[in-house]
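What's counted below: heavy atoms across the whole structure, side chains too, no hydrogens, waters or symmetry copies. Every chain is numbered from 1, with letters handed out A, B, ... down the list of sequences. These numbers were taken from a predicted model, which means no experiment stands behind them.
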There are 2 protein chains.
Amino acid sequence: MVERLVAYRRHLRRWLADGKPRIYSHELAGLAQVTSAVVRRDVMTIGYTGSPAKGYAAAGLVDRIGRVLDPPQRPGVALVGLGSLGRAVLKHFARLHPELRFVAAFDVSPEKVGRIIDGCRCHGSADLETVLRADPALVGIIAVPGEAAQDVADRLVRAGVRGILNLAPVRLQTPPTVYVEDVDLAVSLEKVVFFARPETERLEALA
Amino acid sequence: MVERLVAYRRHLRRWLADGKPRIYSHELAGLAQVTSAVVRRDVMTIGYTGSPAKGYAAAGLVDRIGRVLDPPQRPGVALVGLGSLGRAVLKHFARLHPELRFVAAFDVSPEKVGRIIDGCRCHGSADLETVLRADPALVGIIAVPGEAAQDVADRLVRAGVRGILNLAPVRLQTPPTVYVEDVDLAVSLEKVVFFARPETERLEALA
DNA sequence: GCTATATTGTGAATGAAATAACACTGTGAC
DNA sequence: GTCACAGTGTTATTTCATTCACAATATAGC
């Protein structure tokens with residue numbers, strides 16, 4: 001449901017930018033590709049309320065979603081690993097996401113350390129603890145090879161990070177107080193390959 | 001469950017590489033971070049069977065999983081978009097995934113067209129239909145900016161693709177016969193930010 | 001002011017996935 | 001040979017999210 005809220009907000013902002021102040025559940029549902037019942041239920045859950053004949057006030061709804069999703073203060077983000085994946089992530093968020101604050105990036109390769117890459121200062125991985133002690137991050141992004149991921153995770157956790165976006169193809173072991181979201185491109189692609197097959201073929205593969 | 005099967009296979013291969021031929025449900029469960037009951041249920045679902053006192057034969061299980069997950073012939077993959085994200089994807093899979101066949105990559109920028117990038121020939125986006133007619137792909141990966149994603153999706157579908165891994169931050173409109181898996185880094189990161197907050201704080205945000 | 005209507009808010013029904021529970025079975029110890 | 005036991009295969013239970021259905025309601029037109 002959190003994923004849907006993020007999507008709603010994205011569409012609502014575009015909706016507002018088009019100069020339209022109000023929106024019906026079925027309109028938002030169409031944009032986010034869910035049913036109108038889901039939209040209404042989600043809106044109800046976050047405690048917002050619309051008018052039966054005029055729909056929801058888009059601005060107010062964006063605001064309410066923000067109050068649910070966004071932490072009180074702008075959260076710091078630490079990125080570890082500036083290989084192609086890490087760079088891609090940084091590029092995406094650098095401009096696209098002003099509500100996040102990238103506090104630091106880390107990499108092991110000496111030629112990157114000290115430089116500023118996509119607007120973010122790159123530190124040596126060894127300095128992770130030091131840098132994050134000066135400027136704490138709420139969440140960390142792990143974009144290092146699988147072998148190094150668990151070690152990075154341990155250190156991020158010790159540095160006080162409360163959530164991790166893990167792009168490495170391994171499952172991390174973390175204390176239960178730390179939330180981990182795995183984004184594993186290999187798994188996703190295999191999933192697509194599987195479901196791309198006609199259903200009949202999939203079922204007979206089970207037989 | 002497909003995601004779990006992919007994970008099982010990954011761990012089983014490492015297990016085999018360590019020279020261990022047999023594995024118990026709770027051992028595999030520990031590696032994949034699920035409960036043993038889930039493992040046994042999954043194994044049952046795909047029709048494999050172990051021995052009560054000796055566990056599962058790892059090799060046989062890998063084989064069975066492959067028969068469920070993998071299509072009969074090696075599936076072709078088409079990658080569209082060779083920005084930082086596309087390059088990262090290509091690099092990841094080029095070496096890591098021999099069971100996939102990258103048939104072609106596409107990009108709009110002229111300086112990339114014609115070159116071979118990470119072992120894959122880069123074509124102009126305009127030639128998408130032509131190239132895929134000569135060498136069809138089962139699935140497509142969309143790694144272009146959001147504005148271009150829907151157009152690319154339409155063309156991939158027309159070119160006969162049956163599944164799409166969508167890395168762009170938009171929901172695609174496709175016929176129901178085409179399976180779409182969305183991997184949206186912005187959404188994932190916002191999810192992490194949300195769940196990184198202490199539960200108490202999250203709940204009062206709803207009030 | 002009143003009525004028709006389209007939409008919201010929400011309880012109940014449905015369905016799928018995780019969890020728990022347990023009977024069955026093959027193995028090794030004695 | 002038989003007895004205990006650790007682990008599998010399967011069924012039942014629970015839980016949770018989605019879908020369905022419909023009463024309540026505010027607006028616009030007359």
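Between Met44(A) atom CE and dT7(C) atom C1' there is a gap of 15 Å when expressed in whole angstrom units. Atom-to-atom, CZ of Arg4(B) to C1' of dT19(C) comes out at 12 Å; the value is rounded to the nearest Å. Between Ile46(B) atom CD1 and dG9(D) atom C1' there is a gap of 14 Å when expressed in whole angstrom units. To the nearest angstrom, P of dT10(D) lies 15 Å from OH of Tyr48(B). Distance, Glu27(B) CD to dA6(D) P: 14 Å, rounded to whole Å. dT18(D) atom P lies 7 Å from atom CG of Asp42(A), rounded to whole Å. When the C1' atom of dA17(D) is taken as reference, atom CD of Glu3(A) falls 13 Å away, rounded to whole Å.
Between dT7(C) and Ser25(A), no contact under 4.0 Å exists linking OP1 or OP2 to a side-chain N or O. Proximity of Tyr24(A) to the phosphate of dT5(C): no side-chain N or O atom is located under 4.0 Å from OP1 or OP2. For the OP1/OP2 pair of dT7(C) and a distance below 4.0 Å, the side-chain nitrogens and oxygens of Arg22(A) include no atom meeting the criterion.
Residue contacts for Thr35(A): at a heavy-atom cut-off of 4.0 Å it reaches the sugar-phosphate backbone alone, with no base atom in range.
Looking at Asp135(A) and Arg101(A), a side-chain N of the basic residue comes within less than 4.0 Å of a carboxylate O on the acidic one, giving a salt bridge.
Residue-to-nucleotide contacts include a donor-acceptor pair under 3.5 Å from the side chain of Arg41(B) to the base of dT11(D).
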Only pairs under 3.5 Å count here: list side-chain donor-acceptor contacts from residues 153-165 of chain B, not counting sequence neighbours, and write none if there are none.
| unit_1 | atom_1 | unit_2 | atom_2 | d |
| --- | --- | --- | --- | --- |
| Asp154(B) | OD1 | Gln150(B) | NE2 | 2.9 |
| Arg155(B) | NE | Glu129(B) | OE2 | 3.0 |
| Arg155(B) | NH2 | Ser125(B) | O | 2.7 |
| Arg155(B) | NH2 | Glu129(B) | OE1 | 3.1 |

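Interatomic distance, OG1 of Thr130(B) versus NE2 of His123(B), reported as 10.0 Å (0.5 Å rounding). The NE2 atom of His11(B) sits 12.5 Å away from atom CZ of Arg4(B), with the distance rounded to the nearest 0.5 Å.
Counting only distance, with no hydrogens or angles, the side chain of Glu190(B) and the backbone of Val187(B) share no donor-acceptor pair below 3.5 Å. When atom types are taken as modelled, the side chain of Arg197(B) and the backbone of Asp70(A) share a donor-acceptor pair closer than 3.5 angstrom.
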With B for base contact, S for sugar-phosphate-only contact and - for none (protein heavy atoms under 4.0 Å), nucleotides 22-30 of chain C reads ---B-S---

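For the pair His26(B) and Ala37(A), nearest-nucleotide mapping onto DNA chain D gives the more 5' position to His26(B).
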Salt bridge (Lys or Arg N to Asp or Glu O under 4.0 Å) between Arg10(A) and Asp184(B), intermediate numbers included: CA-CA 12 Å; Arg10(A) 195 185 278 166; Asp184(B) 190 323; 3.0 Å; yes

